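Here the structure comes first, spelled out in structure tokens, and everything after it is commentary.
This one's a predicted model, so the numbers in the text were calculated from it and none came from an experiment.
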Amino acid sequence: KPSPVLLQDTFYPRKGAASSSQRLQVTAQYLSPSLTLSAFQVSLGTLTQGTVSWGLSSLSLSNKACTDSLCAVHLLTFQLPANPDSVELSEDVTISVLVSGQVLGTLTYSYVSASTPTLVSVSPSQMTTSSTGASAVTVFTQNFPSGGCYAFSCQGDIGAMSVLFGSSSLLWSAADTGKLLAVTFTPAQTSA
């Protein structure tokens, strides 16, 4: 009989904001189909507070007709708290999932600090080669080029920025959109 296992590829999401709790899920295989929520515990080792533990939010068996661990596939869902060490700390943490006091497996989650520079979106998200040189691209960033930065608060940092397309430097403009910095440029013309 195979040993119960967490299917690592099903763990989602693998990273998120350190400042807020996140709903996470992972699939487990070969557990008894009769297990209930009370059999599970999730724990997180922290730098400042030791081990923090809590239970699952939900547990569901994918095949309700399954009566043996060989066919049992469970979806485990739990709420990960905001980073107990600090909302300003980006770090990878190890989450342990326990069943009846025994470690079923561990997962790695990346907390991302609220002040970490982040690429929020790119518009348009794709472009044909025939559009390059004619159509503008806008990149929306947060905390870039430094924490809390947007067009008018960090003019010195933005003035030193350059946008490269391949090895070519491009003309660009920046605009404050509230909490985001919008950098707009026209990619160099390319041929197919």
Side-chain angles (χ1 to χ4, degrees), residues 1-127 137 139-148 179-180:
K1 214 175 211 187
S3 297
V5 63
L6 287 180
L7 301 177
Q8 296 287 328
D9 291 345
T10 66
F11 178 48
Y12 180 81
R14 294 175 185 264
K15 69 178 180 177
S19 59
S20 61
S21 67
Q22 298 287 329
R23 181 179 172 267
L24 307 180
Q25 63 184 33
V26 66
T27 302
Q29 194 170 15
Y30 307 126
L31 291 167
S32 168
S34 62
L35 286 172
T36 62
L37 276 176
S38 62
F40 291 85
Q41 183 179 17
V42 181
S43 67
L44 169 67
T46 69
L47 297 172
T48 59
Q49 298 180 23
T51 301
V52 177
S53 298
W54 63 96
L56 292 183
S57 307
S58 69
L59 173 68
S60 60
L61 183 61
S62 31
N63 178 358
K64 304 291 184 209
C66 175
T67 58
D68 186 88
S69 62
L70 285 174
C71 62
V73 177
H74 290 83
L75 179 63
L76 289 62
T77 304
F78 56 93
Q79 198 71 26
L80 183 71
N83 191 340
D85 292 325
S86 171
V87 297
E88 288 304 319
L89 184 61
S90 291
E91 65 177 337
D92 290 342
V93 295
T94 300
I95 300 166
S96 298
V97 178
L98 296 89
V99 180
S100 303
Q102 301 296 314
V103 176
L104 173 61
T106 60
L107 307 164
T108 301
Y109 181 83
S110 298
Y111 278 118
V112 179
S113 165
S115 61
T116 297
T118 307
L119 175 66
V120 176
S121 71
V122 177
S123 179
S125 59
Q126 58 185 339
M127 178 180 284
V137 173
V139 176
F140 295 91
T141 64
Q142 187 172 28
N143 298 317
F144 178 81
S146 56
K179 294 277 184 187
L180 302 177

Is there a side-chain contact between [X] and [Y] (heavy atoms, below 4.5 Å)?
X: V99; Y: P4; result: no
X: V73; Y: N63; result: no
X: D85; Y: Y111; result: no
X: V5; Y: Y30; result: yes
X: L24; Y: L107; result: no

Closest non-hydrogen atom pair between [X] and [Y], with its separation:
X: F140; Y: S123; value: CE1-CB, 4.4 Å
X: T51; Y: S43; value: CG2-CB, 3.7 Å
X: T106; Y: Q8; value: O-NE2, 2.8 Å

Candidate pair L31 and L104, rule side chain to side chain contact (heavy atoms under 4.5 Å, CB included), full reasoning: CA-CA 10 Å; L31 291 167; L104 173 61; 4.2 Å; yes
K1 and D68: side chain to side chain contact (heavy atoms under 4.5 Å, CB included), yes or no, with the steps? CA-CA 10 Å; K1 214 175 211 187; D68 186 88; 4.1 Å; yes
Kindly check if the number of other-residue, nucleotide or ligand heavy atoms within 6.0 Å of CZ (R23) is above 12? no
With side chain to side chain contact (heavy atoms under 4.5 Å, CB included) as the test, pick out the partner of L61 among S34, P33, S32, C71. P33
Nearest 0.5 Å, please: how far is CZ in F40 from CH2 in W54? 15.0 Å
